[in-house]
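Notes follow the structure.
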Amino acid sequence: MSLFTRTTRELTVRIDEFFDTIEIGILIFKEGVKAYVRGDQKTFGSHLDKIDDLEGKADKLQRTIENDMIVHSILPHQRSEIVKLLWQMDEIIDTAKGSLNEFYIEIPRIPSSLTGDFISLAEVSSNAAEELMPAARAFFREPHLVREKLIKVYFFERETDKAAFELKKKVFHEMNDLSLAEKAHIRYITHHIENISDAAQDAADLLASMAIRQLL
């Protein structure tokens, strides 16, 4: 059963727009990483601007949704959990923006031999966040479907850990032409990309517990 009724249709539209904004932000993040490691600074800069705008839009939508729930006394018994979920979802796009900003500010040197590794890592970490979106949408309409939709989130989070481990092992064990400082810098940037999947996992954990309580 859907949480909302016809009288809250405007709020559901805003929630969908909030999720859409995060989803687009994740796609922009992937393309931004791809552009940077391929040396396409113009495209990277464009994606950096886009994700900054999207993050700002997500923040505004989050505040509007929270305010509407309070003003119109919508779902008062579940409001605190929904607000927490929105905050956790917003953390995903915040993390994506922060990761691209780390590339921009620190200008890490990514050897061409690691281009594919970084693109793959960004893809799999973003996949965890992308797979979260159908589960989040289902919570407000068909909460009984949430848990089965979360399986892929956890799968891609584990795959991200594996990909990051292999990338760092390659850097520290095989790339002897890099200085220790360069290796540490690459590890640091890798960690920021991993954080996308970690944020998705945190949101998935919260969503799973909320769905269970909704069905009790």
Side-chain angles (χ1 to χ4, degrees), residues 1-4 12-34 51 54-55 58 61-62 65 75 77-100 116-169 190-216:
M1 174 185 278
S2 173
L3 283 181
F4 297 126
T12 63
V13 169
R14 284 202 180 101
I15 289 174
D16 276 333
E17 188 178 1
F18 175 71
F19 291 152
D20 288 344
T21 302
I22 294 172
E23 204 158 9
I24 295 170
I26 296 165
L27 293 173
I28 294 298
F29 164 76
K30 283 196 295 186
E31 292 303 310
V33 172
K34 189 183 298 183
I51 203 167
L54 289 165
E55 189 268 338
L61 284 166
Q62 180 189 2
I65 293 165
L75 303 173
H77 301 298
Q78 295 159 300
R79 186 187 304 143
S80 62
E81 278 198 327
I82 292 174
V83 167
K84 187 176 181 181
L85 175 64
L86 295 175
W87 180 88
Q88 194 62 60
M89 299 290 288
D90 186 64
E91 185 67 16
I92 294 171
I93 195 169
D94 289 348
T95 302
K97 174 187 170 183
S99 182
L100 287 190
D117 300 270
F118 266 90
I119 291 174
S120 296
L121 180 62
E123 285 276 354
V124 74
S125 187
S126 297
N127 285 346
E130 288 175 334
E131 293 296 339
L132 176 70
M133 309 314 294
R137 295 180 195 275
F139 174 77
F140 294 98
R141 294 178 174 84
E142 300 173 295
H144 63 284
L145 297 178
V146 168
R147 288 184 65 82
E148 67 180 61
K149 291 180 180 294
L150 291 175
I151 293 173
K152 290 183 179 180
V153 178
Y154 295 114
F155 170 78
F156 283 117
E157 194 280 329
R158 290 192 297 270
E159 290 300 302
T160 301
D161 288 344
K162 294 176 185 176
F165 177 83
E166 291 300 324
L167 193 160
K168 287 182 279 191
K169 186 175 75 171
T190 300
H191 176 68
H192 276 276
I193 296 176
E194 286 182 88
N195 284 343
I196 307 294
S197 66
D198 291 337
Q201 182 184 36
D202 290 341
D205 291 343
L206 176 59
L207 197 54
S209 64
M210 289 173 65
I212 290 172
R213 283 192 288 275
Q214 177 66 18
L215 295 172
L216 293 177

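Owing to the predicted nature of the structure, the values given are computational and were not obtained by experimental measurement.
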Whether the side chain of Ser209 engages the backbone of Leu206 through a donor-acceptor N/O pair (distance < 3.5 Å, no angle test) should be reported. yes
Quick one, Ile119 and Val33 - any side-chain contact, counting heavy atoms below 4.5 Å? no
Check for a donor-acceptor pair, side chain of Ser125 on one end and backbone N or O of Leu121 on the other, with a separation under 3.5 Å. no
Do Met210 and Leu85 come within less than 4.5 Å of each other through their side chains, counting heavy atoms only? yes
Tightest non-hydrogen contact, residues Val153 and Ala200, listed as CG1-O, 3.9 Å
Between Glu23 and Arg137, is a side-chain contact (heavy atoms from CB on, under 4.5 Å) present by the stated rule, with each step listed? CA-CA 12 Å; Glu23 204 158 9; Arg137 295 180 195 275; 3.0 Å; yes
Report yes if some heavy atom in the side chain of Leu132 is under 4.5 Å from a heavy atom in the side chain of Ile22; otherwise report no. no
Under a 3.5 Å distance rule, please check whether Thr21 uses its side chain to pair with a backbone N or O of Ala58 as donor and acceptor. no
Does Arg147 CZ have over 12 foreign heavy atoms under 6.0 Å away? no
Taking C-beta and beyond as the side chain, do Phe140 and Ile82 meet within less than 4.5 Å on heavy atoms? yes
Within 6.0 angstrom of Lys168 NZ, more than 12 heavy atoms from elsewhere: yes
Does the distance from a Lys or Arg side-chain N to an Asp or Glu carboxylate O, for Lys30 and Glu130, drop under 4.0 Å? yes
Salt bridge flag under 4.0 Å for residues Lys162 and Glu159: yes
Using a strict 4.0 Å threshold on nitrogen-to-oxygen distance, state whether Lys84 and Glu81 make a salt bridge. no
